[in-house]
Visitor: 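Can you keep this structure in mind? I'll have questions shortly.
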Amino acid sequence: MTVKSIFEFLNSRFPVSDAMDFDNVGILIGDPEMEINKAIVCLDCTLEAINYAKEKGCDLIITHHPVIFSPLKSILKGSVQYEVLSRNLAVISMHTNLDIGMDGVNDSLCEVLGIEDTENITAYDGYTVKLGTISPTDPCDLARHIKSKIGGCVKFTEGKSPISKVLVCGGSGGNYIEDAVRLGVDALITADVKHHHFLMAYDNGISLYDAGHFNTEDVVIEPLKELLAKEFKNTEFFTFHSKAIKFE
């Protein structure tokens with residue numbers, strides 16, 4: 001099995017053509033024709049992930065966040081990109097196309113949180129978020145539920161109760177509070193929420209939840225590994241979940 005064949009499968013499920021214009025996805029480092037027997041799936045290509053890949057005998061790292069995003073002006077020893085190249089690894093990154101694809105980040109987050117009757121909604125910037133329902137619940141109870149399912153810590157505004165209609169966006173989605181207001185939902189579940197987003201939510205009686213960037217996206221890693229393992233039965237896949245961010 002080659003890097004290229006694994007990418008082609010991922011591209012058939014999460015087309016790179018669906019990625020946002022600013023994004024950088026696909027085979028970002030390595031030889032597309034390299035034979036792969038073992039690979040790891042993780043959110044970020046970090047030095048820790050690279051060490052884990054070599055420990056497991058992997059030649060491929062499949063990430064959500066792009067290993068190359070902004071233009072690189074140098075690749076020096078000790079950097080992630082240098083270590084990937086010097087250890088003869090390949091990296092495939094699937095970012096915003098994985099966010100919005102079927103069984104991608106947003107679907108996985110809805111599944112974990114028990115959000116039902118979901119549908120895709122095109123937000124103001126062209127990005128796709130999820131609209132769905134939950135059993136009517138109190139804003140504080142929903143915060144506890146989110147934490148119990150994905151860990152970390154949850155910051156939120158307490159809007160109208162009960163909550164039943166929710167908008168969901170894994171990762172950075174505080175700016176979709178404007179769409180939440182437009183759609184008349186009871187809550188927006190996302191991460192990386194700025195102060196003024198919380199104030200807008202509060203003024204409009206909407207519960208806005210910041211459940212952490214890592215926590216709202218890492219939920220896709222295990223399902224993605226299972227998807228790959230089912231397709232490539234002769235390739236061994238591992239998952240790596242970073243412990244870089246700590247919570248009290």
Side-chain angles (χ1 to χ4, degrees), residues 28 39-56 58 61-70 76-84 87 89 91-96 98-99 104-115 137 139-158 166 168-177 187-199 201-202 207-226 237-248:
L28 300 188
I40 71 164
V41 184
C42 53
L43 205 67
D44 300 279
C45 185
T46 60
L47 295 175
E48 189 181 17
I50 292 168
N51 290 334
Y52 183 79
K54 297 310 291 184
E55 176 188 318
K56 293 295 184 181
C58 300
I61 301 175
I62 300 166
T63 73
H64 177 46
H65 294 135
V67 65
I68 300 172
F69 192 68
S70 301
L76 302 178
K77 185 176 181 179
S79 69
V80 164
Q81 293 79 16
Y82 179 94
E83 294 303 321
V84 168
R87 301 189 197 197
L89 291 164
V91 180
I92 297 172
S93 298
M94 293 288 181
H95 192 207
T96 51
L98 180 61
D99 282 333
V105 172
N106 290 336
D107 278 353
S108 297
L109 183 55
C110 287
E111 177 72 20
V112 168
L113 297 179
I115 296 169
T137 187
C140 294
D141 288 339
L142 181 55
R144 286 187 282 267
H145 172 73
I146 294 169
K147 182 173 181 176
S148 72
K149 292 297 183 181
I150 65 174
C153 59
V154 180
K155 296 190 296 183
F156 69 104
T157 55
E158 188 172 0
V166 298
V168 178
C169 175
S172 183
N175 51 311
Y176 298 124
I177 186 58
L188 167 60
I189 301 171
T190 187
D192 295 349
V193 178
K194 294 183 178 180
H195 181 70
H196 70 277
H197 295 145
F198 278 124
L199 295 182
Y202 188 78
S207 293
L208 173 56
Y209 296 86
D210 185 334
H213 197 115
F214 175 84
N215 302 79
T216 58
E217 291 189 331
D218 194 59
V219 291
V220 78
I221 298 305
E222 294 296 335
L224 184 57
K225 178 247 185 182
E226 294 302 320
F237 292 91
F238 302 88
T239 55
F240 177 75
H241 302 277
S242 175
K243 295 181 174 59
I245 301 172
K246 303 293 184 182
F247 301 94
E248 286 285 343

Visitor: side-chain contact (heavy atoms from CB on, under 4.5 Å), that's the test. Do Thr137 and His145 meet it? Break it down for me.
Guide: CA-CA 10 Å; Thr137 187; His145 172 73; over 6 Å; no
Visitor: Less than 4.5 Å apart, side chain to side chain, heavy atoms only: is that true for Thr190 and Leu208?
Guide: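 Yes. Closest side-chain heavy atoms under 4.5 Å.
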Visitor: How far apart are the closest heavy atoms of Ala49 and Cys42, and which atoms are they?
Guide: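 Closest pair (atom of Ala49, atom of Cys42, distance): CB-SG, 4.1 Å.
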Visitor: Can you see which heavy atom on Val41 is nearest to which on Ile221, and at what distance?
Guide: O-CG2, 3.4 Å
Visitor: So do Phe240 and Lys56 actually touch side chain to side chain, heavy atoms under 4.5 Å?
Guide: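 Side-chain contact under 4.5 Å: no.
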Visitor: Take Asp107 and Val220, measure what side-chain contact (heavy atoms from CB on, under 4.5 Å) needs, and give me the verdict at the end.
Guide: CA-CA 8 Å; Asp107 278 353; Val220 78; over 6 Å; no
Visitor: Check Gln81 against Val67 and note the closest heavy-atom contact, atom names and distance.
Guide: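 Nearest pair, atom of Gln81 first, then Val67: NE2-O, 2.8 Å.
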Visitor: Quick one: which of Asp210, Asp192, Thr216 gives a side-chain contact (heavy atoms from CB on, under 4.5 Å) with Ser172?
Guide: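 Only one of Asp210, Asp192, Thr216 forms a side-chain contact (heavy atoms from CB on, under 4.5 Å) with Ser172, namely Asp192.
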Visitor: To the nearest 0.5 angstrom, please state how far the OH atom of Tyr52 sits from the CD1 atom of Ile40.
Guide: 7.5 Å
Visitor: If you round to the nearest 0.5 Å, how far is SG of Cys169 from CG of Asp99?
Guide: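 SG of Cys169 is found 7.0 Å from CG of Asp99.
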Visitor: Got a second to check how far Asn215's CG is from Cys153's SG, nearest 0.5 Å?
Guide: 7.5 Å
Visitor: At what distance, to the nearest 0.5 angstrom, does OG1 of Thr96 lie from CE of Met94?
Guide: 10.5 Å
Visitor: Of all heavy-atom pairs between Ile177 and Leu188, which one has the smallest distance, and what is that distance?
Guide: N-CD2, 3.6 Å
Visitor: Is there a side-chain contact between Ile50 and Arg87 in this structure, where contact means two heavy atoms from C-beta onward sitting under 4.5 Å apart?
Guide: yes
Visitor: Heavy-atom count around Tyr202 OH within 6.0 Å, excluding the residue itself: above 12?
Guide: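 No - once you tally the heavy atoms of other residues, nucleotides and ligands closer than 6.0 Å, there are 12 at most.
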Visitor: Looking only at atom types and distance, does a side-chain atom of Ser207 sit under 3.5 Å from a main-chain N or O of Ala187, one as donor and one as acceptor?
Guide: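 Looks like no, no N/O pair under 3.5 Å.
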Visitor: Might you work through the side-chain contact (heavy atoms from CB on, under 4.5 Å) test for Thr63 and Asp44, ending with a clear yes or no?
Guide: CA-CA 6 Å; Thr63 73; Asp44 300 279; over 6 Å; no
Visitor: Surrounding NZ of Lys147 (heavy atoms of other residues, nucleotides or ligands, distance under 6.0 Å), is the total greater than 12?
Guide: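 Counting other residues, nucleotides and ligands, NZ of Lys147 stays at 12 neighbours or fewer.
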Visitor: Indicate yes or no: at least one non-hydrogen side-chain atom of His64 is less than 4.5 angstrom from one of Asp218.
Guide: no
Visitor: Would you name the heavy atoms of Pro139 and Tyr209 that are closest together and state the gap between them?
Guide: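 For Pro139 and Tyr209, the tightest heavy-atom pair comes out as O-OH, 2.7 Å.
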Visitor: Kindly compute the distance separating NZ (Lys225) from CD1 (Ile62), expressed to the nearest 0.5 Å.
Guide: 12.0 Å
Visitor: Determine the minimum heavy-atom distance between Ala143 and Val154, stating which atoms define it.
Guide: O-CG2, 4.0 Å
Visitor: How far does CG of Asn106 sit from CG of Leu98, to the nearest 0.5 angstrom?
Guide: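 The CG atom of Asn106 sits 9.5 Å away from the CG atom of Leu98.
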Visitor: Evaluate the criterion side-chain contact (heavy atoms from CB on, under 4.5 Å) for residue pair Val105 and His95; output intermediate values, then yes/no.
Guide: CA-CA 9 Å; Val105 172; His95 192 207; over 6 Å; no
Visitor: Can you tell me if Glu111 has over 12 outside heavy atoms packed within less than 6.0 Å of its CD?
Guide: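 No.
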